[in-house]
Amino acid sequence: MAEKIKLWGRANSANVQKVVWALEELGLAYERVDVGGKFGGLDNPEYEALNPNRLVPAFQDGDLTMWESHAIVRYLAATYGEDKIWPADPRQRALVDQWTDWTSSTFQPAWLAIFVYFVRTPSTVHDAAALKAIVDKANAAFEIIDRNLADKPFLAGDTLSYADIVAGTSLYRWTNLNIERPAFPNVEAWHQRLLARPAFVKGVCVPFADMLAK
Ligand SMILES: N[C@@H](CCC(=O)N[C@@H](CS)C(=O)NCC(=O)O)C(=O)O
């Protein structure tokens, strides 16, 4: 029998959450091992052999060992997705890749900067102007998503793709942090659509209060 898929990484890591969501979405059996954050373990030579960056996630499927969350999600989509989260049509696939690459280059750095601010900065020393500058940058990226979703339910079209998985992981934290959020009705409708999916709720809606600076 094939070895079970093994995912290394704490459940409250955004990049691990993408992989959990994809695994759940595809109904795959897997084992997740808590490493990173308060669990430590990333500096062990055994872990470094799985991910030389000493970051989570790391991933194993049989004799395949790999890292980089988006590449892992793409692998799962290609191997087990059939036509589910990995469109076969090259033109549709191009749009999925576009939103996925944009998430890496632009969107994730923008929204994660807000989270990192709350992780590193105790509320007693919050600098309103500095926080606003970070939040404005993230909101500009959310606005691009909002405009895109004006005429479609998911980022690349009519059905959920792995682009929704890598970008939608932002929504739980973004909506649960104490920040000013302009009304983005299409983002909100997308969020509600994702909340109806048990795989999103299990993978992404993971409490994070204990990660924030007091
Ligand atoms: N580009 C990498 C980034 C990985 C990354 O930055 N992981 C963070 C958590 S989201 C990490 O390992 N932090 C150290 C820790 O958890 O202890 C990916 O997408 O897999």
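Here the structure is a predicted model, which is why all the values come from computation and not from measurement. Every number for a ligand or one of its atoms is a count from 1 in the order of the listing.
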Check ligand 1 against the protein and report each N/O to N/O distance under 3.5 Å, formatted as atom name, atom name, distance.
{"unit_1": "ligand 1", "atom_1": "1 (N)", "unit_2": "Glu68", "atom_2": "OE1", "d": "2.9"}
{"unit_1": "ligand 1", "atom_1": "1 (N)", "unit_2": "Glu68", "atom_2": "OE2", "d": "3.1"}
{"unit_1": "ligand 1", "atom_1": "7 (N)", "unit_2": "Val56", "atom_2": "O", "d": "2.8"}
{"unit_1": "ligand 1", "atom_1": "12 (O)", "unit_2": "Val56", "atom_2": "N", "d": "2.8"}
{"unit_1": "ligand 1", "atom_1": "16 (O)", "unit_2": "Arg10", "atom_2": "NE", "d": "2.8"}
{"unit_1": "ligand 1", "atom_1": "16 (O)", "unit_2": "Arg10", "atom_2": "NH2", "d": "2.8"}
{"unit_1": "ligand 1", "atom_1": "16 (O)", "unit_2": "Gly37", "atom_2": "N", "d": "3.3"}
{"unit_1": "ligand 1", "atom_1": "17 (O)", "unit_2": "Gly37", "atom_2": "N", "d": "2.7"}
{"unit_1": "ligand 1", "atom_1": "19 (O)", "unit_2": "Asn15", "atom_2": "OD1", "d": "3.4"}
{"unit_1": "ligand 1", "atom_1": "19 (O)", "unit_2": "Ser69", "atom_2": "N", "d": "3.3"}
{"unit_1": "ligand 1", "atom_1": "19 (O)", "unit_2": "Ser69", "atom_2": "OG", "d": "2.6"}
{"unit_1": "ligand 1", "atom_1": "20 (O)", "unit_2": "Ser69", "atom_2": "N", "d": "2.9"}

Inspect the surroundings of CG in Asp127 and state if more than 12 heavy atoms from other residues, nucleotides or ligands are less than 6.0 Å away.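 Counting neighbours around CG of Asp127, more than 12 heavy atoms of other residues, nucleotides or ligands fall under 6.0 Å, so yes.
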
More than 12 non-hydrogen atoms from neighbouring residues, nucleotides or ligands closer than 6.0 Å to CG on Asn178, yes or no?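 Counting neighbours around CG of Asn178, 12 or fewer heavy atoms of other residues, nucleotides or ligands fall under 6.0 Å, so no.
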
What's the verdict on side chain to side chain donor-acceptor pair (under 3.5 Å) for Gln108 and Asn15, showing C-alpha distance, side-chain angles and the deciding distance? CA-CA 10 Å; Gln108 179 158 314; Asn15 291 312; 3.2 Å; yes

Using salt bridge (Lys or Arg N to Asp or Glu O under 4.0 Å), reason through Glu25 and Arg197 one step at a time and then give a plain yes or no. CA-CA 8 Å; Glu25 200 67 57; Arg197 307 182 82 92; 2.7 Å; yes

After noting the C-alpha distance and the side-chain angles of Tyr162 and His70, does the key distance pass the ring-ring contact (aromatic ring centres under 6.0 Å, His included) rule? CA-CA 9 Å; Tyr162 65 70; His70 294 188; 8.6 Å; no

Checking Arg173 against Phe115: charged group under 6.0 Å from the ring centre and within 45 degrees of the axis?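 Pair Arg173/Phe115 counts as cation-pi.
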
